[in-house]
Amino acid sequence: MASEWLLEMVGISKSFPGVRALDDVCLRVRAGSVHALIGENGAGKSTLMKVLNGMYRPDVGEIRLRGEPVQINGLKGALDLGISMIYQELNPIPAMTVAENIFIGREPVYGRSGVVNRRKMNADARQLFETLGLAMNPSARLSSLSVAEMQMVEIAKAISFDSEIIVMDEPTSAITDREVEKLFEIIRTLKAANKAVIYISHKMNELFQIADEMTVMRDGRYIDTQLTDKLTTQSLISMMVGRRIDEMFPKEDVPLGEVVLSVDGLTQGDRVRNVSFELRRGEILGIAGLMGAGRTELVETIFGIRKSSAGRIQIGGQPVSIATPRDAIRNRIALVSEDRKLMGLNLRASVKDNISLINLARYCNLGGVIRARQEVEVARRQIDRFKIKVSSYRQIVDTLSGGNQQKVVIAKWILTNPDIIILDEPTRGIDVGAKSEIHKIMVALAREGKAIIMISSELPEVLGMSDRILVMHAGEVTGEYARADFSQEAVMASATGSH
């Protein structure tokens, strides 16, 4: 008798030194369905999917495809069995073309010569894009694409394997609303072809829009599986975190102090054009806008990563020259960057080493020798303060979940005792529980008199956490709103340049 399940993962357990990552987890997925796998960061979702795609071998448990037990030996073994995956963290090869990235390792060749048939490779890529409804140039270098376009290339690559099961891990974390709708069209086409999509996302509206069923994990354990139409946002969150979250945006009215940062006519090529604003102590200034609006370029110019071509920055009423990030740190500015893996962390170092990195001189004696006990004590204090889930302060950062990695970045910067904290997409790819914790941290920092700039692509977050909102479009400020005047419609109108 044929199984009703395309995929069954039964009793899966997996341990690493000091950590039981998966404990008797089950996942059952039907053909022709979208199955959401959800839970807080650290719940075990990514580990379970790495077991499915052959990166990890389970200590205990069985995987079945159409009722038959299988052994999955590495990534190629998974692909051979019809399982492909779109990873949350992009791994493009910038120097190669779009087509080369898609067909790497399986390029068409001329006969037995081994010479790559680039014409056929580009034609195959073009046909794939046509099928998916994507307008992309197969010959374009990856380095010339935006992050959103790179994400769409990764999606096309996974689908090109013609797998029966496609795992999508946070596929919309870096793409626009228009591209999200395009992705959903692709997913519906895959469903119609009787393929299964395992969809991982922290965005509740997406889950309810695209998923047929949802499986919830918490602390490495299976919690429940339900049909989507039987769930509500609140019941789903309660299953995920084991508690109710009635207030996602715990904003408090904090008395605003003096102007700590003044930006006047700041320009950076055509990415940032004549931007002016002020920021006060205790204020959370939200910066909204669509992808490509210039938000990240603005804060990177303030922080000295990019060189300004015009304009002036004042801190505490005094003009300052910020040519490098070192200058910014010296002027008590901190930047939690959009890409934590590229710019925020040393992935091969421990949690302790990452937390102390910027402040290392603090823990050295006059001879330059690190006072290890003090360094460890400070790291432990930050781990406790920010509720970072680790087996030990020695744990390597690359083994942490995305949410816990983000907490390490914030913990590191707070140790510099900044007056101005820039948070670029601080909750991207972070689960609802961790989002709430980070929002509470933001409020506490504002209460201490810190001045905060927050960039977020999630409009509810901008509206929920900001005292004031600047809206950018095409490198310019196109709107400014006080909290009493917040309106989703007005912000979106400014973001699209139609206000």
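Given the structure is predicted, the values throughout are model-derived calculations rather than measurements.
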* To do: For residues Leu22 and Tyr56, determine if any side-chain heavy atom of one lies less than 4.5 Å from a side-chain heavy atom of the other.
  => no
* **Within-4.5 Å side-chain heavy-atom neighbours: Arg271 and Thr301** => no
* **Donor-acceptor contact present, side-chain Lys45 to main-chain Met217, <3.5 Å** => no
* **Atom pair CG/CD1 of Leu132 and Ile159 - distance to nearest 0.5 Å** => 5.0 Å
* More than 12 foreign heavy atoms under 6.0 Å from CZ of Arg394: is that the case here? -> no
* With side chains defined as the heavy atoms from C-beta onward, is the minimum distance between Pro250 and Met465 less than 4.5 Å? -> yes
* Between Ser457 and Arg295, is a side-chain hydrogen bond (donor to acceptor under 3.5 Å, both in side chains) present by the stated rule, with each step listed? -> CA-CA 10 Å; Ser457 296; Arg295 299 167 301 167; 3.3 Å; yes
* **Backbone of Ile469 reached by a side-chain donor or acceptor of Ser466 within 3.5 Å** => no
* Look at Arg118 together with Glu100 and state whether they make a salt bridge at an N to O cut-off of under 4.0 Å. => yes
* Structure fact -> Taking every heavy atom of Trp413 against every heavy atom of Ala334, the minimum-distance pair comes out as CE3-CB, 3.5 Å
* Starting at CG of Leu81, measure out to CG of Leu65 and round the result to the nearest 0.5 Å. => 6.0 Å
* Going by heavy atoms in the side chains, are Gln382 and Val408 under 4.5 Å from each other? -> no
* Asked: If you measure from CD1 on Ile83 to CG on Leu7, what distance do you get to the nearest 0.5 Å?
  -> 6.5 Å
* Between Val98 and Asn137, is any pair of side-chain heavy atoms under 4.5 Å apart? -> no
* To do: Validate the cation-pi geometry between Lys157 and Phe161: distance from NZ or CZ to the six-membered ring centre under 6.0 Å, angle to the ring axis within 45°.
  => no
* Validation row: Ser456, Glu425 side chains within 4.5 angstrom (heavy atoms) -> yes
* Met168 vs Leu190 side-chain heavy atoms within contact, under 4.5 Å -> yes
* To do: Any chance you could measure Gln226, atom CD, to Asp224, atom CG, to the nearest 0.5 Å?
  => 4.5 Å
* Should the ring pair Phe249 and His439 be called parallel, tilted or perpendicular, given that the plane angle runs from 0 to 90° and is split at 30 and 60? -> tilted
* Check each of Leu79, Leu52, Asn53 against Ile72 using the side chain to side chain contact (heavy atoms under 4.5 Å, CB included) test, and report the only one that passes. => Leu52
* Asked: Judged by atom type as modelled, is there a donor-acceptor pair below 3.5 Å linking the side chain of Lys120 to the main-chain atoms of Val109?
  -> no
* Trace of the side-chain contact (heavy atoms from CB on, under 4.5 Å) decision for Asp398 with Arg348 -> CA-CA 6 Å; Asp398 196 29; Arg348 296 184 181 180; over 6 Å; no
* Near Arg221 CZ, under 6.0 Å, is it more than 12 heavy atoms from other residues, nucleotides or ligands? -> no
* Asked: Looking only at heavy atoms, which two atoms of Ala31 and Asn194 are closest? And how far apart?
  -> CB-O, 3.6 Å
* Would Glu437 and Lys440 pass as an ion pair if we require N to O under 4.0 Å? -> no
* To do: Give the C-alpha distance, both sets of side-chain angles, the deciding distance and a yes or no for salt bridge (Lys or Arg N to Asp or Glu O under 4.0 Å) between Glu185 and Lys182.
  => CA-CA 5 Å; Glu185 286 176 20; Lys182 173 56 66 180; 3.3 Å; yes
* Lys/Arg N to Asp/Glu carboxylate O, Asp212 vs Arg30, below 4.0 Å -> no
* Kindly indicate, with the supporting measurements, whether the criterion side-chain contact (heavy atoms from CB on, under 4.5 Å) is fulfilled by Ile93 and Leu142. => CA-CA 7 Å; Ile93 304 174; Leu142 254 286; over 6 Å; no
* **Main-chain N/O of Ala495 paired with His473 side-chain donor or acceptor, under 3.5 Å** => yes
* Any Asp353 side-chain heavy atom under 4.5 Å of Leu357 side chain -> no
* Does a salt bridge link Arg141 with Glu149, judged by any charged N lying under 4.0 Å from a carboxylate O? -> no
* Evaluate side-chain contact (heavy atoms from CB on, under 4.5 Å) for Val397 paired with Val351, printing each intermediate quantity in order. => CA-CA 6 Å; Val397 161; Val351 172; 4.1 Å; yes
* Lys/Arg-Asp/Glu bridge criterion (N-O < 4.0 Å) met for Asp59, Arg20 -> no
* To do: Could you pull out the closest heavy-atom pair between Met214 and Ile38, with the gap in Å?
  => SD-CD1, 3.9 Å
* Asked: How far apart are the C-alpha atoms of Glu213 and Ser33, what are their side-chain angles, what is the distance that settles it, and do they pass the side-chain hydrogen bond (donor to acceptor under 3.5 Å, both in side chains) test?
  -> CA-CA 8 Å; Glu213 291 181 272; Ser33 74; 4.9 Å; no
* Give a yes or no on this: more than 12 heavy atoms of other residues, nucleotides or ligands lie within 6.0 Å of atom CD of Glu62. => yes
* Asked: Where is the tightest heavy-atom contact between Val491 and Ala288, given as atom of each residue plus distance?
  -> CG1-CB, 4.0 Å
* To do: Nearest 0.5 Å please: distance from the CG atom of Leu6 over to the CD atom of Glu164.
  => 5.5 Å
* **Full working for side-chain contact (heavy atoms from CB on, under 4.5 Å) between Thr215 and Tyr222** => CA-CA 8 Å; Thr215 289; Tyr222 169 82; 3.7 Å; yes
* How many angstroms lie between atom NE2 of His35 and atom OH of Tyr199, to the nearest 0.5 angstrom? -> 14.5 Å
* Please check if atom NZ in Lys203 has more than 12 non-hydrogen atoms from other residues, nucleotides or ligands closer than 6.0 Å. => yes
* **Check: Asn117 side chain, Pro108 main-chain N or O, donor-acceptor pair, under 3.5 Å** => no
* Between Met49 and Ile200, which heavy-atom pair has the shortest distance, and what is it? -> CG-CD1, 3.7 Å
* Taking all heavy atoms of Glu206 and all of Thr172, pick out the closest pair and write down the distance. => OE2-OG1, 2.5 Å
* Between Asn73 and Gln71, is any side-chain donor less than 3.5 angstrom from a side-chain acceptor? -> no
* May I ask you to check whether Thr427 and Glu461 show a side-chain donor-acceptor distance below 3.5 Å? => yes
* If only atom types and distance count, is the side chain of Arg64 paired as donor or acceptor with the main-chain N or O of Trp5 below 3.5 Å? -> no
